[in-house]
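The block underneath contains the structure these notes are about, expressed in structure tokens.
Just so you know, residue 1 is the first one in the sequence shown, and it goes up from there. In this text, all values refer to a predicted model and were calculated from it rather than measured experimentally.
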Amino acid sequence: MPSDGYNWFLILVAIIASVVLVAINVYVLIHFQHPEDRNQAWFPKLVVILGLTLAEMSILLLPLDVANRSACADSIVLSACNFALPMEILWYTVYMAMFVMMVAIVPFTLFYYEQDHDMSVWGKTVSSSWWIGGTITVLSLILGLCYGFLGFVDFPVTTLTSGLAPLSSAALTTAHKCLAPDAFTDGGTNAGYACDADGGVPTETWSVRTTFPVYVIAVGSVLSWVIFIVFGGVGVSAVPIDLIKAFLDRPKKTIAKSEYIRIAGKIAEATRAVVADAREVQREERGSGKTRKTRRALAEINKRLSQLEGDEAILQKMYPQGEDRDVSWTVTVMSYYASLVGGVVCAVVSLLWMLHIGLYMFPDPPLTPFLNQYFVDMDAAFGLLGTGSFALFCFYLIVCVIKGNVKVGFRLLLWTVYPMRLGNTLMSAFLFNVNLIMLSSIAVIQFCAKAFDGYAAETSVSDIFGQEIENLRGLGSVFAENVFLYIFFAVACLSALWLGSDEVKKSRTGRRNFDSL
């Protein structure tokens, strides 16, 4: 009879986490959306919230998988345990849902949103459907052909050879040895030993056809790692640096109304100058087309506009408006100190991640279990404390991906495509970047499953990424040799040096302040 490992608390935690994540995503959407999209474009907004929630929930499935496995005692085999959640089914369901979102729903919504506003609803639907239909057809052909020829898992197999001995034979006293085939003759005489099993050298390869969902996950992982290396590598350093930078650049005091009016007038005057320069560049483009000179001018104009937007935001904080100005200023000051604390904590987490990679993931065998042992000790101290810490470390990586996405954006050569800007992000940019974040979440899950394979052993996700994908024909060697992991570590270190040196350079030259206005 199956042993009881059913834990209703896990289901409650999953429901609460889903509700909290939806609320956070709605908050992010409201603060990043463009003013033109307020009170409209409801379907794209729903798709954005669903996509972000799926990406985040896929990360939190990792600790849920660990907690689900821990519901049964270690002495009980997995097949005899009655788990609260069917994790393997949940993993495949979430992955397939994300692929449907990435390949069909998000692109359809993006094409529909960017259609000419004069087109009818039917016209937009038909046009978008043709684009999506063609894309899905091409991807299906590519995946189908690759799966047909390369969709096999090649397991290295060691052949163990042993003979048979009668129960009454004295050879049973040396049972640790392997008997050679036909070791005992008909007369019961021992012909010798053949310890073929001691070498442990793979002698053959056992090939089996993998399932199509696993193959799709493997192909998606390759693309996902490219996104994760760039965005996650930058975000690991950008998250703590930007939080601490926000504290260092905070306004130190409030200003009088007269000073507020003076600075606001200066900002308005600078804005009019930027608009005039932009119109001049547009006239030049209409006459001679886009040139290197006009591109540089537009880049400089965008930089000036971003600086003016930052000046306006700081000005609003230095002159709180409303009846409770003192309360508003107090909240502002507290938020900056909270940013400092958050920056220090994130810096520690980023440092621990880098140390864990260097001490546990690179060496073979690992020098120390490091964070794996920390999670085990936390669980021993208080139930689910280690699982909670594990969840925070994994979720921190998806936060780094989102930060890296906002920081550097998706670039084609030197131009940013669909940039994310606070209070100035159109739904098309939201949809494009949500697709990138969902794609990168696959690599984050694989990375965490490998980094914490000591703590998250015998889970459903470890079976997917640890056994099948690492032995997949054509792609498995890339994951088994940690190629992507080395590149990620290098990008993270270079990003820390680049962002750190940039901040040091700004501090030496002096930051822009309102005295210059």
Side-chain angles (χ1 to χ4, degrees), residues 3-24 53-78 80-95 342 345-346 348-353 355-357 359-361 366 368-401 441-466:
S3 300
D4 189 17
Y6 207 84
N7 191 343
W8 283 101
F9 180 70
L10 295 180
I11 300 177
L12 179 63
V13 169
I15 294 174
I16 294 175
S18 301
V19 173
V20 171
L21 289 176
V22 169
I24 293 174
T53 304
L54 268 177
E56 294 158 352
M57 284 302 299
S58 68
I59 306 301
L60 294 183
L61 276 181
L62 273 167
L64 197 64
D65 198 352
V66 174
N68 193 59
R69 171 63 185 92
S70 302
C72 278
D74 294 335
S75 59
I76 301 175
V77 296
L78 297 179
C81 189
N82 181 27
F83 290 116
L85 298 171
M87 290 308 304
E88 186 173 357
I89 297 175
L90 280 177
W91 276 115
Y92 286 128
T93 301
V94 169
Y95 272 129
V345 171
C346 289
V348 172
V349 174
S350 293
L351 180 61
L352 289 175
W353 261 119
L355 289 174
H356 185 75
I357 294 173
L359 297 175
Y360 181 78
M361 301 184 73
T368 171
F370 203 53
L371 290 177
N372 286 285
Q373 187 61 46
Y374 166 74
F375 298 144
V376 172
D377 293 341
M378 288 296 100
D379 274 338
F382 181 76
L384 294 181
L385 187 60
T387 305
S389 302
F390 173 63
L392 291 176
F393 271 86
C394 294
F395 194 76
Y396 178 73
L397 289 180
I398 200 66
V399 173
C400 293
V401 169
S441 66
I442 302 174
V444 173
I445 294 168
Q446 186 178 7
F447 178 64
C448 289
K450 189 175 183 65
F452 303 132
D453 55 1
Y455 178 72
E458 296 184 333
T459 54
S460 298
V461 70
S462 64
D463 292 337
I464 297 173
F465 287 114

- Flag the pair Leu21 / Leu60 as yes when at least one side-chain heavy-atom distance between them is below 4.5 Å, and no otherwise. yes
- Task: To the nearest 0.5 angstrom, please state how far the CZ atom of Phe393 sits from the CG atom of Leu62.
- Result: 14.5 Å
- Query: In a check of side-chain contact (heavy atoms from CB on, under 4.5 Å) between Phe452 and each of Val66, Thr459, Leu371, which one passes?
  - Reply: Leu371
- Message: Using 0.5 Å steps for rounding, measure from the SG atom of Cys394 to the CG atom of Leu61.
- Response: 11.0 Å
- Only counting residues at least two apart or in another chain, list the ones meeting side-chain hydrogen bond (donor to acceptor under 3.5 Å, both in side chains) with Thr53. Asn25
- Does the side chain to side chain contact (heavy atoms under 4.5 Å, CB included) test come out yes or no for Tyr374 and Leu352, once each step is laid out? CA-CA 11 Å; Tyr374 166 74; Leu352 289 175; over 6 Å; no
- Message: Once side-chain hydrogen bond (donor to acceptor under 3.5 Å, both in side chains) is applied, do any residues pair with Thr387, and if so which ones, sequence neighbours excluded?
- Response: Tyr455
- Only counting residues at least two apart or in another chain, list the ones meeting side chain to side chain contact (heavy atoms under 4.5 Å, CB included) with Ala451. Trp353, His356, Met361
- Query: What residues, two or more places apart in sequence or in another chain, satisfy side chain to side chain contact (heavy atoms under 4.5 Å, CB included) together with Val20?
  - Reply: Ile16, Ile24
- Which heavy-atom pair separates Met87 from Ser460 by the least distance, and what is that distance? CB-OG, 3.6 Å
- Taking the side chain as every heavy atom from C-beta outward, state whether Val444 and Val401 have any atom pair closer than 4.5 Å. yes
- Query: What pairs meet the salt bridge (Lys or Arg N to Asp or Glu O under 4.0 Å) rule with one or both residues in residues 54-65, with sequence neighbours excluded?
  - Reply: none
- Task: Would you please name every residue forming a side chain to side chain contact (heavy atoms under 4.5 Å, CB included) with Thr93, sequence neighbours left out?
- Result: Ile89
- Sequence neighbours left out, what passes side-chain hydrogen bond (donor to acceptor under 3.5 Å, both in side chains) with Gln373? Give chain and number order. Asp377
- Using ring-ring contact (aromatic ring centres under 6.0 Å, His included) as the criterion, list what pairs up with Tyr396, not counting sequence neighbours. none
- Message: Could you work out, with side chain to side chain contact (heavy atoms under 4.5 Å, CB included) as the rule, every residue matching Leu351, not counting sequence neighbours?
- Response: Leu355
- Message: Quick check: do Leu397 and Ile59 have side-chain heavy atoms less than 4.5 Å from each other?
- Response: no
- State which residues pass side-chain hydrogen bond (donor to acceptor under 3.5 Å, both in side chains) with Tyr360; sequence neighbours excluded, sorted by chain then number. Asp453
- Item | Reported OG-to-CH2 distance for the pair Ser58 and Trp91, which is rounded to 0.5 angstrom | 6.5 Å
